[in-house]
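Worksheet: the structure to be examined is printed underneath.
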Amino acid sequence: MNKNTRMIFLQGLRDGIPIGLGYFAVSFSLGIFAKKLGFNAFQGFLVSILNLASAGEYALFECVASLSGVIETAFVILVVNARYMLMGCALSQKFSRNTPFFHRFIVGFPLSDELFGIAIAKENYTPSYTYGAALIAAPLWAIGTAIGVMAGNLLPDFVVNALSLSLYGMFLAIIVPPAKKDKVLSVAILVSFIASYLFSVLPLVKLLSSGMKTIILTIVISAILAVIKPVYEENEKKESEK
């Protein structure tokens, strides 16, 4: 590991700490839910370390609760987590051309919403940044689930709900600073909030899974903005200005 890679990795470790703390709080409540379904602490830890997604993990627990089959459960989780494929495609655009396929493949595994948010906003991105952040965030997510299982029903509901809100506040802290610097991004975020709300109340689309809603909104909004306000690479921008 050269000096530059080490520095980027350490930056990832640093930026992964607040995300990991937020994950710990949210996964704690998931662990309580897992306890109700009969999971032990090790099983809860294993589920979380292999499925770094709150919606995907909750969908898994719901399938277990409804006694769904293996194929049905796998399909549900695939749909709920399908948005991460789009995030992976977006993040791959920041890789240098000589990035090995191994890193391109592996970096997609810990790509949660928050880890994607800090990665896509970082200049001179390399996979080592995500590795560093995930090294903190992923274990805290899994440990939080395990401790939640052990805690069971000891905590009152209002405490669990309060812990769950911390992750949303942290995500706002990720997207607000870049939005202040970029008007197009600000508009995209505002439109996303409004469209997301509409998708939760409109008759047909409100029946879709959260993952499917995210996919549709991501594709439509990003496609419209790409046509209206395309982002040029440095060389393309110089050519267009000639």
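Hydrogens, waters and symmetry mates are skipped; everything else that's a heavy atom, side chains included, is used. Residues: numbered from 1 along the sequence shown. Everything numeric here is computed off the predicted structure, so don't read it as measured data.
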Quick one: does [X]'s side chain get under 4.5 Å of [Y]'s, heavy atoms only?
X: Ile136; Y: Arg14; value: no
X: Val149; Y: Phe45; value: no
X: Thr126; Y: Thr5; value: no
X: Ile19; Y: Asp15; value: no
X: Val205; Y: Leu198; value: no

If you compare all heavy atoms of [X] against all heavy atoms of [Y], which two are closest, and at what distance to 0.1 Å?
X: Val107; Y: Tyr125; value: CG2-OH, 3.4 Å
X: Tyr84; Y: Ala53; value: OH-CB, 3.4 Å
X: Gly56; Y: Asn81; value: CA-OD1, 3.4 Å
X: Ala179; Y: Leu185; value: N-CD2, 3.8 Å
X: Lys180; Y: Ser186; value: N-OG, 4.3 Å

Hey, could you give me the [atom1]/[atom2] distance between [X] and [Y], rounded to the nearest 0.5 Å?
X: Glu114; Y: Leu52; atom1: CD; atom2: CG; result: 8.5 Å
X: Glu57; Y: Leu60; atom1: CD; atom2: CG; result: 7.0 Å
X: Thr130; Y: Ile118; atom1: OG1; atom2: CD1; result: 7.0 Å
X: Ile147; Y: Ile32; atom1: CD1; atom2: CD1; result: 11.5 Å
X: Gln93; Y: Ile120; atom1: CD; atom2: CD1; result: 8.5 Å
X: Lys206; Y: Leu204; atom1: NZ; atom2: CG; result: 9.5 Å

request  = Check the pair Leu13, Ile17 against side chain to side chain contact (heavy atoms under 4.5 Å, CB included), reporting the backbone distance first and the verdict last.
outcome  = CA-CA 7 Å; Leu13 284 175; Ile17 292 174; over 6 Å; no

query = Among all residues two or more places apart in sequence or in another chain, which pass the ring-ring contact (aromatic ring centres under 6.0 Å, His included) test with Phe39?
reply =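 Once residues adjacent in sequence are excluded, the partners of Phe39 under the ring-ring contact (aromatic ring centres under 6.0 Å, His included) criterion are Phe61.
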
key: Pairing residues for Phe24 by the ring-ring contact (aromatic ring centres under 6.0 Å, His included) criterion, not counting sequence neighbours   =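 Result, ring-ring contact (aromatic ring centres under 6.0 Å, His included) vs Phe24: none returned.
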
ILVMFWY network linking [X] to [Y], side-chain heavy atoms under 4.5 angstrom:
X: Leu207; Y: Phe75; answer: no
X: Leu217; Y: Tyr197; answer: yes
X: Phe109; Y: Phe95; answer: no
X: Ile194; Y: Leu202; answer: yes
X: Phe102; Y: Tyr129; answer: yes

request  = With side chain to side chain contact (heavy atoms under 4.5 Å, CB included) as the test, would you mind laying out the steps for Leu111 and Leu91 before giving the verdict?
outcome  = CA-CA 9 Å; Leu111 198 61; Leu91 188 59; 3.6 Å; yes

Expected output: side-chain [X] to main-chain [Y] donor-acceptor under 3.5 Å:
X: Ser222; Y: Ile219; answer: yes
X: Ser92; Y: Cys89; answer: yes
X: Lys35; Y: Gly44; answer: no

query = Stepwise, does the side chain to side chain contact (heavy atoms under 4.5 Å, CB included) test hold for Trp141 with Leu30?
reply = CA-CA 10 Å; Trp141 174 262; Leu30 282 172; 3.6 Å; yes

ask   = Looking at residues at least two apart in the chain, or sitting in another chain, which of them share a side chain to side chain donor-acceptor pair (under 3.5 Å) with Gln43?
value = none

request  = Using the side chain to side chain contact (heavy atoms under 4.5 Å, CB included) rule, take Tyr23 and Leu115 through it: C-alpha gap first, then chi angles, then the decisive distance, then the call.
outcome  = CA-CA 11 Å; Tyr23 281 178; Leu115 293 183; 4.3 Å; yes

